[in-house]
Each structure stands twice: as structure tokens, then as C-alpha cells.
Visitor: 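Let me give you the structure first, and then I'll get to my questions.
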Number of protein chains: 2
Amino acid sequence: MKCVSEKSEDKIREAAKRVFLKKGFDGTTSRDIAKEADMNIALTNYYFRSKEKLFMEIFKDLMEMYFQNIIHILNKPIDIKTKISEVVENNYRMMRQEPDLVIFIMNEIHKEPERLLVKLSLYSQLKSTLFNQQLAEGIESGVLRPVPMESILPLMTSCIEFLFLGKEMHQKVFGISAEEFEAFAENHKEHVKAMICNYLILEK
Amino acid sequence: MKCVSEKSEDKIREAAKRVFLKKGFDGTTSRDIAKEADMNIALTNYYFRSKEKLFMEIFKDLMEMYFQNIIHILNKPIDIKTKISEVVENNYRMMRQEPDLVIFIMNEIHKEPERLLVKLSLYSQLKSTLFNQQLAEGIESGVLRPVPMESILPLMTSCIEFLFLGKEMHQKVFGISAEEFEAFAENHKEHVKAMICNYLILEK
DNA sequence: GAATATTTTAAACGGTTGTTTAAAATATTC
DNA sequence: GAATATTTTAAACAACCGTTTAAAATATTC
């Protein structure tokens with residue numbers, strides 16, 4: 001009985017995740033989810049108490065997916081140049097795997113900022129990373145340009161994420177296919193890595 | 001009669017623009033718009049034929065607002081470094097003036113990519129700008145790094161736009177107020193300008 | 001295998017959606 | 001200023017929304 005119920009619950013959860021990612025909270029109906037999961041409508045409220053509750057559960061998961069890897073990478077015992085490269089690569093991988101993730105998160109937070117109350121400990125986690133220590137030491141010794149962590153982190157993510165966020169727009173504006181976009185994004189990623197390192201790491 | 005009817009029509013259009021920007025197409029009801037415009041519900045369908053028609057009219061306007069200035073700046077007879085600075089500054093000004101614009105556009109295109117069929121001539125316009133010519137010449141003569149226009153343009157916009165796009169998130173993550181965000185964004189903007197120039201313009 | 005607990009179902013709930021109607025109010029024409 | 005055209009109104013429309021119900025189907029317990 002446990003395995004059966006978990007099966008249905010998970011089926012709904014996964015279906016809801018797909019639909020929410022594509023259409024957002026407002027654009028998704030309970031019937032959309034039930035249809036995607038191929039289950040009765042009443043089951044969405046039987047397992048989760050409401051559409052909002054189901055959404056928040058998924059939203060929390062996706063927020064963690066969004067932030068999970070970056071902290072880990074920032075704490076790796078590797079030099080700062082390699083670290084920047086890894087963060088960008090990780091970001092790129094995530095965007096290719098789930099292109100809808102960032103626009104979904106940004107949009108839902110934009111419409112309902114209170115949803116962010118979930119994540120609060122992130123700043124102290126970021127402050128205490130090895131990356132931040134390396135940054136402070138590098139700036140102190142003059143090998144790094146004095147750029148605050150609060151600026152460096154968005155720089156490492158925004159260029160890649162924005163590209164995928166506006167994927168459809170970039171394709172239309174530049175008149176390229178989905179395949180051509182892939183190649184373009186790959187190339188763009190390399191420029192982003194080089195550009196950030198070039199700026200942060202001072203040559204003697 | 002003309003001036004009266006235009007008054008009501010514009011009142012609805014402006015109200016709809018405000019509500020759509022804040023809540024998106026799905027999150028906005030006809031009654032929301034009527035209430036914001038302080039008019040009867042039936043008038044939204046009397047002047048515009050449907051919610052969709054009203055939306056598309058506003059969406060087209062906002063798309064033009066989004067792209068209007070950049071082409072003009074790219075054609076200015078100024079050196080490429082100043083040009084990059086102006087594009088970033090223009091972007092920054094736009095984001096401060098209408099912080100909801102980019103997330104709105106990106107989200108609506110993401111949900112309904114066909115809405116983009118409006119704008120098609122943009123690529124040829126971009127290709128024939130003075131900026132693109134300056135870029136080609138600079139690369140040819142070796143004073144500029146060989147970066148395609150398709151990569152340079154997103155770099156000039158993504159860093160600033162993404163910051164405002166995730167304004168609420170960045171505030172929460174870094175634990176800063178709206179005022180502190182303003183100061184931070186101003187500083188971040190300078191880093192972006194310097195970083196792009198530093199990468200594109202090769203020192204001898 | 002009868003009794004009990006859990007899961008699934010079809011149908012309905014009241015409320016809201018975008019849109020339409022037909023009459024009232026107002027403005028314009030001659 | 002009567003006749004006509006335009007604008008605004010309150011009310012209603014069917015369709016859909018999230019959610020609930022109560023019975024049917026299935027699984028579990030003893």
C-alpha cells in the first residue's frame with residue numbers, strides 16, 4: 001500500500017513539475033496536472049491539500065536544484081580561475097538540462113516575493129565559502145581586481161542564464177534554429193569564462 | 001466625440017499595461033483591468049475586441065520600447081568604447097524606469113513563442129549598424145578581440161537585465177533593502193562596462 | 001474471508017473567467 | 001430640438017476554475 005500510494009503521489013508531483021515549469025502557476029490548472037499525470041482530478045487534492053501546497057512543494061525542490069551545486073563548487077580546493085570555469089560550466093549544464101528553470105523561478109518570485117521566505121541561510125553560506133576567502137586574499141595581495149563577491153557571483157551566472165532565459169527571443173532575433181542556438185551558446189559560454197577571468201585576474 | 005472616446009480607450013490601455021506588466025497575461029483578469037481603469041468591464045471588449053487583442057497591442061508596444069533605443073545607439077558616430085558604455089547605461093536606465101519590462105517580455109514569449117512573429121526585421125537592422133561595421137574593422141585590424149556581434153550584444157544587456165530581473169531574489173539572497181540594491185546595481189553597472197571593454201578591446 | 005482501511009472514481013459544488021446583451025445615458029447631426 | 005449615432009451601464013451568459021463529496025474499487029488486517 002505504501003509503494004502504490006507513493007507511486008501515484010510521485011506521478012502527480014512529476015507531472016505537476018513539468019506543467020508548472022512550462023506554464024507557471026497561473027497558467028496551470030488542476031485539470032492540466034491531472035491530465036498530464038493521467039489520473040483523476042480529485043487525486044491532486046487527495047495527496048496534496050491544494051494546488052498552492054503542491055506548487056510550493058515543487059517550488060522548494062526547484063529552488064534547491066537551482067542553488068545546490070554552486071555552493072559546493074565555491075568550496076572546492078581549486079584555484080579561482082578553474083573555479084570560475086566550473087561555476088559557468090555547471091550553470092551551462094543546468095540550463096541545457098532544464099531550460100525552463102530560471103524563467104520559472106524568476107517569474108514566480110516576481111509575482112509573489114513572499115515565496116522566497118523559504119531560502120534565507122544562503123547569504124551566510126556564500127560568505128563563508130572558500131571562494132570568498134580566495135577572493136579576499138587575492139584582492140589583498142593585488143593579484144585580483146577588487147570586485148565584491150556580490151558582483152562576481154551574478155556575473156558568473158547572468159550571462160549564461162539570460163541567454164537561455166531568452167532562448168526563443170535570441171533564436172528569433174538572430175534567425176537561428178534550436179541546433180544553431182546550441183552551438184552558439186557553447187561558444188558564448190567560452191567568451192563568458194574568458195571575459196570574467198580576464199577582468200578579475202590582474203596580469204603583471 | 002473623438003476626444004472623449006480616445007480618452008476612455010487610452011485609459012483602459014494604460015491601465016491594462018500596468019496590470020499586465022505586474023501580473024502577466026494569465027494572472028490578469030478583465031475585471032482587474034476595468035477596476036484599475038475605473039471603468040465598466042464591458043468597455044474592455046467594446047474598445048478592444050478581446051483580452052487577447054488588447055494584450056497583443058500592449059505587448060507590441062512594449063517590445064518596441066525594449067528594442068527602440070539600442071539600434072539608435074549602435075548607429076551613433078562614436079568610438080566603440082563609448083558606445084558600449086552608452087548601451088549599458090541605456091539598459092540600466094530602462095531597467096530602473098520599468099523594472100517589470102524584461103521579465104514580462106521573456107515570460108510571455110516563453111509561454112507563447114508565436115507572439116514573437118511581430119518582430120522579424122531586427123536582425124538585418126542589427127547587421128547593418130555602424131557598431132557591427134566598427135566591430136568588423138576593429139577585429140580585422142587587430143585592435144578588437146574576434147567576438148561575434150551575436151555574443152557581444154547579449155553580453156552588453158544580460159548582466160544588467162538579469163540583475164533587475166531577479167531583483168527580489170538578489171535582495172533576499174544578499175540581505176539588502178531596495179535602496180541598498182540601487183547603490184549595488186549602480187556599482188555593478190560600472191564593473192560590467194569595464195569588464196566588456198577590457199575583454200573586447202585589446203591592449204598593445 | 002469477513003471487517004477494516006486506503007485509494008480511485010464520477011459528479012457536483014459555489015465562485016470566477018472572458019464575453020455578450022439590450023437598455024440607458026450621452027453626444028452629434030441636421 | 002427632434003432624430004441619429006455613440007458611449008456607458010447593469011445584468012447575464014456558458015465555460016471553466018479549485019475543491020469537495022460520497023460512493024465504488026482496491027488493498028490490508030486479523
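These values consider heavy atoms only, across backbone and side chains, with no hydrogens, waters or symmetry-generated copies. Every value quoted in this text rests on a predicted model; they were computed, and no experiment measured them. Per chain, numbering begins at 1; letters A, B, ... match sequence-line order.
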Visitor: Ignoring backbone atoms, test whether Thr44(B) places a side-chain nitrogen or oxygen under 4.0 Å from the OP1 or OP2 oxygen of dT19(C).
Guide: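 Indeed not, no polar side-chain atom of Thr44(B) lies that close.
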Visitor: Which nucleotide in the list dT6(C), dT19(C), dG18(D) gets nearest to the side chain of Tyr46(A)?
Guide: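 Of all the options, the side chain of Tyr46(A) is nearest to dT6(C).
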Visitor: For the residue pair Lys51(A) and Phe25(A), would you count it as a cation-pi contact if the rule is NZ or CZ under 6.0 angstrom from the ring centre and within 45 degrees of the ring axis?
Guide: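 Flagged: Lys51(A) positioned over aromatic ring of Phe25(A).
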Visitor: Output, in order, the C-alpha distance, side-chain angles, deciding distance and verdict of ring-ring contact (aromatic ring centres under 6.0 Å, His included) for Phe181(A) and Phe164(A).
Guide: CA-CA 9 Å; Phe181(A) 178 82; Phe164(A) 283 88; 5.5 Å; yes
Visitor: Assess whether a salt bridge exists between Lys189(A) and Glu186(A), defined as any Lys/Arg side-chain N lying under 4.0 Å from an Asp/Glu carboxylate O.
Guide: yes
Visitor: Between P on dG18(C) and CE on Met56(B), what's the gap in Å once rounded to a whole number?
Guide: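 To the nearest whole Å, that distance equals 17 Å.
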Visitor: Let me confirm one number: the CG-CE distance from Leu135(A) to Met149(A), rounded to the nearest 0.5 Å.
Guide: 8.5 Å
Visitor: Starting at atom CG of Asn40(B), determine the distance to atom P of dT20(C), rounded to an integer number of angstrom.
Guide: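 So the two atoms are 14 Å apart, to the nearest Å.
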Visitor: Just how far, in rounded Å, is C1' of dC13(C) from CD1 of Ile41(A)?
Guide: 13 Å
Visitor: Taking CG from Leu54(B) and C1' from dT17(C), how many angstroms apart are they, rounded to a whole number?
Guide: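 Result: 16 Å.
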Visitor: Under 3.5 Å, is there a donor-acceptor pair linking the side chains of Asn132(B) and Thr129(B)?
Guide: no
Visitor: For Ala42(B) and for Ala42(A), locate the closest nucleotide of DNA chain D by heavy-atom distance; then report the residue assigned to the nucleotide nearer the 5' terminus.
Guide: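 Its nearest nucleotide lies further toward 5', so the answer is Ala42(B).
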Visitor: Measure from the ring center of Phe55(A) to the ring center of Phe20(A) and say whether it is less than 6.0 Å.
Guide: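 For Phe55(A) and Phe20(A), the ring centres are under 6.0 Å apart.
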Visitor: What is the distance, rounded to the nearest whole Å, between atom NZ of Lys53(B) and atom C1' of dG18(C)?
Guide: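 Atom NZ in Lys53(B) sits about 13 Å away from atom C1' in dG18(C).
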Visitor: Could you provide the dot-bracket string of DNA chain C, using ( ) for intrastrand pairs, [ ] for crossing pairs and | for bases paired to another strand, with Watson-Crick or G-U pairs below 3.5 Å?
Guide: ||||||||||||||||||||||||||||||
Visitor: Is the shortest side-chain N/O distance from Asn45(B) to OP1 or OP2 of dG18(C) below 4.0 Å?
Guide: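 So the side-chain polar atoms of Asn45(B) never come under 4.0 Å of the phosphate oxygens OP1 or OP2 of dG18(C).
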Visitor: Would you mind checking if Asp32(A) and Lys35(A) are paired as a salt bridge, meaning a charged N to carboxylate O distance below 4.0 Å?
Guide: no
Visitor: Let me confirm one number: the CD-CZ distance from Glu52(B) to Arg115(B), rounded to the nearest 0.5 Å.
Guide: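 Between Glu52(B) CD and Arg115(B) CZ, I get 5.5 Å after rounding to 0.5 Å.
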Visitor: Rounding to a whole Å, what distance do you find between Glu9(B):CD and dT8(D):P?
Guide: 11 Å
Visitor: Atom CG of Leu43(B) and atom C1' of dT26(C): how far apart are they, to the nearest Å?
Guide: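 That distance rounds to 13 Å.
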Visitor: Whole Å only: how far is the NZ atom of Lys51(B) from the P atom of dG18(C)?
Guide: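 Whole-Å distance recorded here is 4 Å.
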Visitor: From C-beta outward on Tyr47(A), which listed nucleotide comes closest to its side chain: dT8(D), dT7(C), dG18(C)?
Guide: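 The closest nucleotide is dT7(C).
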Visitor: Test: salt bridge (Lys or Arg N to Asp or Glu O under 4.0 Å). Region: residues 127-140 of chain B. Which pairs qualify, not counting sequence neighbours?
Guide: Lys127(B)-Glu150(B)
Visitor: In residues 22-36 of chain A, what residues come within less than 4.0 Å of DNA chain C, judged by heavy atoms?
Guide: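 Arg31(A), in order of number.
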